[in-house]
Amino acid sequence: GEWRALAPLLTVLAVHFTWLGRCGAHRLGPVLAALAFNAAVAVAFVGAGHTGLELLAIPAGLSLLALLRVFEGDLSEVTRARLRAVAMVAIYGATALRPLAFNATWGLLLCVATCLLGVAAGVVFRIRSYVLLGAVFLVTTVVATLVRYGIQEPRLGAIFLSALGLGVVAVMVVVTTRRAQVQAQVTAMQRMLSQWQA
């Protein structure tokens with residue numbers, strides 16, 4: 001009961017500090033709002049008896065991204081890029097931990113959905129770290145899950161390895177026969193990504 005009573009209080013504090021920040025009454029308003037919000041989420045999470053505390057990194061990462069938008073003019077581009085990468089690693093890593101460590105179908109679905117949303121956000125806002133880190137976590141999680149199932153089920157493992165081998169051969173054939181087109185597309189993609197934020 002005490003846990004559940006504390007969560008709404010922290011939520012009210014988060015709204016209050018957000019209002020202060022928007023009114024310019026206090027520069028620390030957005031930071032205090034983010035802290036109160038994450039504390040409210042943590043209290044509600046623990047009070048409800050949920051497991052998987054690593055998922056608390058998701059609201060923390062989102063709060064950091066929001067703060068980067070608020071203080072965009074006060075930070076250098078390098079600092080923003082580094083903090084943005086930290087936030088995205090926290091978000092992607094929190095969703096990838098459970099499917100990588102355990103047999104959790106819901107965890108895999110959550111990770112895939114989060115990575116796809118992150119990649120889509122990266123394309124929309126033209127931010128490289130969203131796209132690259134999302135793709136890395138997505139591929140790593142899916143491949144690791146397939147390998148785990150392949151070890152547990154030898155037939156599935158044989159099918160997976162065969163499909164992977166065929167895929168590699170197909171990619172090599174395409175690269176070899178259409179080298180000029182592939183190089184042109186890769187160069188165009190590199191040029192496009194170089195114009196995006198880090």
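None of these values were measured; they are calculated from a predicted model.
Residues R82 and V78 are in side-chain contact: their nearest non-hydrogen atoms beyond the backbone lie under 4.5 Å apart. Considering only heavy atoms from C-beta on, L55 comes within 4.5 Å of L110 through its side chain. Annotation: side chain of T141 is not in contact with side chain of V112 (no heavy-atom distance under 4.5 Å). The shortest distance between side-chain heavy atoms of Y92 and T140 does not fall below 4.5 Å. The side-chain heavy atoms of W106 and R98, taken from C-beta on, include a pair separated by under 4.5 Å. No side-chain heavy atom of L138 sits under 4.5 Å from any side-chain heavy atom of V119. Side-chain contact between T114 and F137 is absent, with no heavy atoms from C-beta onward closer than 4.5 Å.
Atom CG of L35 sits about 8.0 Å away from atom CG of L67, to the nearest 0.5 Å.
Follow the hydrophobic side-chain contacts under 4.5 Å out from V143 and you reach L116 in the same cluster. Both L65 and I58 are members of a single hydrophobic cluster when ILVMFWY side chains are connected at heavy-atom separations under 4.5 Å. A continuous path of ILVMFWY side-chain contacts below 4.5 Å connects V89 to F125, so both sit in one hydrophobic cluster. When hydrophobic clusters are built by joining Ile, Leu, Val, Met, Phe, Trp and Tyr residues whose side-chain heavy atoms come closer than 4.5 Å, directly or via intermediates, L108 is grouped together with V139. Residue L97 is not grouped with residue V142 when hydrophobic side chains (ILVMFWY) are merged at heavy-atom distances under 4.5 angstrom, including chains of intermediate members.
For A57 against A94, the heavy-atom pair with the smallest separation is CB-CB, 3.8 Å. In terms of heavy-atom proximity, N38 sits nearest to S63 at ND2-OG, 2.8 Å. In plain terms, the two heavy atoms of V131 and W196 that are nearest each other are CG2-CZ3, 3.9 Å. Here the closest heavy-atom approach between residue S129 and residue R84 is recorded as OG-CD, 3.7 Å. Taking each heavy atom of A144 and L100 in turn, the nearest pair found is CB-CD2, 3.4 Å. Nearest heavy-atom pair across G61 and A87 is O-CB, 3.5 Å.
Q197 and R80 form no side-chain donor-acceptor contact under 3.5 Å, judged by distance and modelled atom types alone.
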